[in-house]
Amino acid sequence: MAHILVVEDDSDIASLLARGLGAAGHRVDWADTTEAATRLLARKRCDAAIIDMMLGDESGATLLAELRSQGHRMPAIMLSALSRVEDRAEGLEAGAQDYVVKPFQLSELLARLEVQLRRAEPRQAPITLGRLVYDPTSRTATLAGAETTARPVVMTEREGDLLAYLMTRPGQVLTRGELFDALWAQHGGSTENVVDVYLGYLRRKFSNFEPYGLALRTLRRRGFVLSVENPE
């Protein structure tokens with residue numbers, strides 16, 4: 001969930017955005033003037049902003065340029081009824097990452113926003129254990145020291161989260177309940193059996209981790225442990 005600032009003087013459009021963003025799981029604050037937006041950002045941190053180019057007699061581009069000068073670096077999308085190249089250039093030069101012309105499809109705007117939110121995510125450092133190197137940002141795993149022609153293993157989001165959890169706790173016995181609570185409980189709709197399913201996915205993708213100098217074991221009535229077997 002991201003915290004989105006909507007700067008829009010048209011209450012109907014602002015309401016549409018608030019409902020759509022809320023349905024997509026985001027938290028929304030609305031400001032209808034540049035002054036209100038500036039005051040809000042002085043009190044709260046927002047992950048992204050959607051700003052109308054024309055706020056009555058005020059300019060959304062001027063507002064964004066001022067926010068950038070104050071050090072605000074959240075991604076911003078400009079909304080405008082103006083579609084000329086000059087108008088787009090003004091919005092982008094003010095510091096916007098994208099420019100959407102009214103009228104717009106809410107689904108397209110949400111998709112563009114998600115792109116900007118992903119790009120703004122801080123890059124996470126790769127995790128290394130044995131000869132396994134996992135990059136959480138790209139969700140790819142590679143064999144350390146392997147030739148460049150070796151194909152990386154691509155993870156789904158939940159596979160990657162499980163792999164990272166195991167790799168950062170080498171040699172620790174992790175219960176099924178602990179893994180479930182850490183990675184699945186907050187999402188709902190699953191049982192603890194999902195842990196066994198995803199551990200099976202990892203075992204198949206990594207040939208039970210033997211090529212990586214690791215072993216993933218199931219300890220009866222205790223849990224699971226990923227350990228280094230052949231450190232080199």
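The figures that follow rest on heavy atoms only: side chains count, while hydrogens, waters and symmetry mates do not. In what follows, residues are counted from 1 in the order of the sequence shown.
Between T156 and Y198, the shortest heavy-atom contact is OG1-CE2, 4.3 Å. Across every non-hydrogen atom of V154 and K205, the tightest pair is O-NZ, 2.8 Å. Pairing each heavy atom of V228 with each of G130, the nearest pair is CG2-N, 4.3 Å. Contact record, A48 with L113: CB-CD1, 3.8 Å, taken as the closest heavy-atom pair. Nearest approach of A125 to P136, heavy atoms of both residues: O-CD, 3.6 Å. Across all their heavy atoms, G160 and M155 have their closest contact at N-CB, 3.8 Å.
Distance CG/D29 to NZ/K44: 3.5 Å, rounded to 0.5 Å. The CG atom of L40 sits 13.5 Å away from atom CZ of R45, with the distance rounded to the nearest 0.5 Å. Going from atom CG of L174 over to atom CG of L219 covers 10.0 Å, rounded to the nearest 0.5 Å. Summarising the geometry, atom CG belonging to D196 is positioned 7.5 Å from atom OG1 belonging to T218; distances are rounded to the nearest 0.5 Å. A distance of 8.5 Å separates CG in D32 from CG in L55, rounded to the nearest 0.5 Å. To the nearest 0.5 Å, the span separating OH on Y99 from CZ on R112 amounts to 11.5 Å.
Legend: residues meeting side chain to side chain contact (heavy atoms under 4.5 Å, CB included) with T62, ordered by chain and number and at least two apart, are S59. Residues satisfying the salt bridge (Lys or Arg N to Asp or Glu O under 4.0 Å) test with R222, not counting sequence neighbours, are none.
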- request: Could you give me the CA-CA distance, side-chain angles and deciding distance for I51 and M78, then say whether side chain to side chain contact (heavy atoms under 4.5 Å, CB included) is met?
  value: CA-CA 5 Å; I51 304 174; M78 301 297 298; 4.1 Å; yes

task: List the steps, then state whether side chain to side chain contact (heavy atoms under 4.5 Å, CB included) holds for T34 with V7.
output: CA-CA 8 Å; T34 60; V7 188; 5.7 Å; no

field: Test log, rule side-chain hydrogen bond (donor to acceptor under 3.5 Å, both in side chains), inputs E66 and H72
entry: CA-CA 9 Å; E66 178 62 24; H72 294 286; over 6 Å; no

field: Audit row: V100, E108, side chain to side chain contact (heavy atoms under 4.5 Å, CB included) steps and yes/no
entry: CA-CA 9 Å; V100 176; E108 179 186 358; 5.6 Å; no

message: Could you walk me through whether E159 and R139 satisfy the side chain to side chain contact (heavy atoms under 4.5 Å, CB included) test, starting with their C-alpha distance in whole Å, then the side-chain angles of each, then the deciding distance to 0.1 Å, before giving a yes or no?
response: CA-CA 9 Å; E159 288 171 347; R139 292 205 297 268; over 6 Å; no

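No side-chain donor-acceptor contact under 3.5 Å links E229 to the backbone of L214. H3 places no side-chain N or O within donor-acceptor distance of the main-chain N or O of R27, the cut-off being under 3.5 Å. Under the 3.5 Å distance criterion, the side-chain polar atoms of W30 are matched with a main-chain donor or acceptor of E8. The backbone N or O of P75 lies less than 3.5 Å from no partner atom in the side chain of Q116, so there is not a single donor-acceptor pair. Put simply, the side chain of S15 never gets that close to the backbone of S11: no donor and acceptor are under 3.5 Å apart.
D98 places none of its side-chain heavy atoms less than 4.5 Å from the side chain of V115. Residues L216 and R203 are in side-chain contact: their nearest non-hydrogen atoms beyond the backbone lie under 4.5 Å apart. E114 is not listed as a side-chain neighbour of L110, based on a closest heavy-atom distance of 4.5 Å or more. Taking 4.5 Å as the limit, every side-chain heavy atom of W184 sits out of range of all side-chain heavy atoms of D161. Using a 4.5 Å heavy-atom cutoff, the side chains of Y201 and L163 are not in contact. Residues L166 and Y134 have side chains not in contact (no heavy-atom distance under 4.5 Å, counting atoms from C-beta outward). Proximity of M74 to R68: side-chain heavy atoms (C-beta onward) are separated by under 4.5 Å at one or more points. Between V194 and R158, every side-chain heavy-atom pair lies at or beyond the 4.5 Å cut-off.
Hydrophobic clustering (side-chain heavy atoms under 4.5 Å, transitive across Ile, Leu, Val, Met, Phe, Trp, Tyr) groups L106 together with L117. Residues V101 and L64 share a hydrophobic cluster, clusters being chains of Ile/Leu/Val/Met/Phe/Trp/Tyr side chains in contact below 4.5 Å. One hydrophobic cluster holds both L129 and L162 under the rule that ILVMFWY side chains link at heavy-atom gaps under 4.5 Å. Transitive grouping of hydrophobic side chains (ILVMFWY, heavy atoms separated by less than 4.5 Å) keeps V6 and L41 in distinct clusters. V153 and V197 fall within a single hydrophobic cluster, where Ile, Leu, Val, Met, Phe, Trp and Tyr side chains are chained together by heavy-atom contacts under 4.5 Å.
Using a 4.0 Å cut-off between a side-chain N of Lys or Arg and a carboxylate O of Asp or Glu, D52 and K102 qualify as a salt bridge.
Taking the six-membered ring where tryptophan is involved, the planes of F206 and Y212 are perpendicular, since the angle between them exceeds 60° and thus also 30°.
For the pair R176 and F180, the NZ or CZ position fails the cation-pi test of under 6.0 Å to the six-membered ring centre and within 45 degrees of the ring normal.
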Cut-off 3.5 Å, no hydrogens considered: what does the side-chain donor-acceptor table look like for residues 86-96, sequence neighbours left out?
residue : atom : partner : partner atom : Å
D87     : OD1  : R84     : NH2          : 3.1
D87     : OD2  : R84     : NE           : 2.9

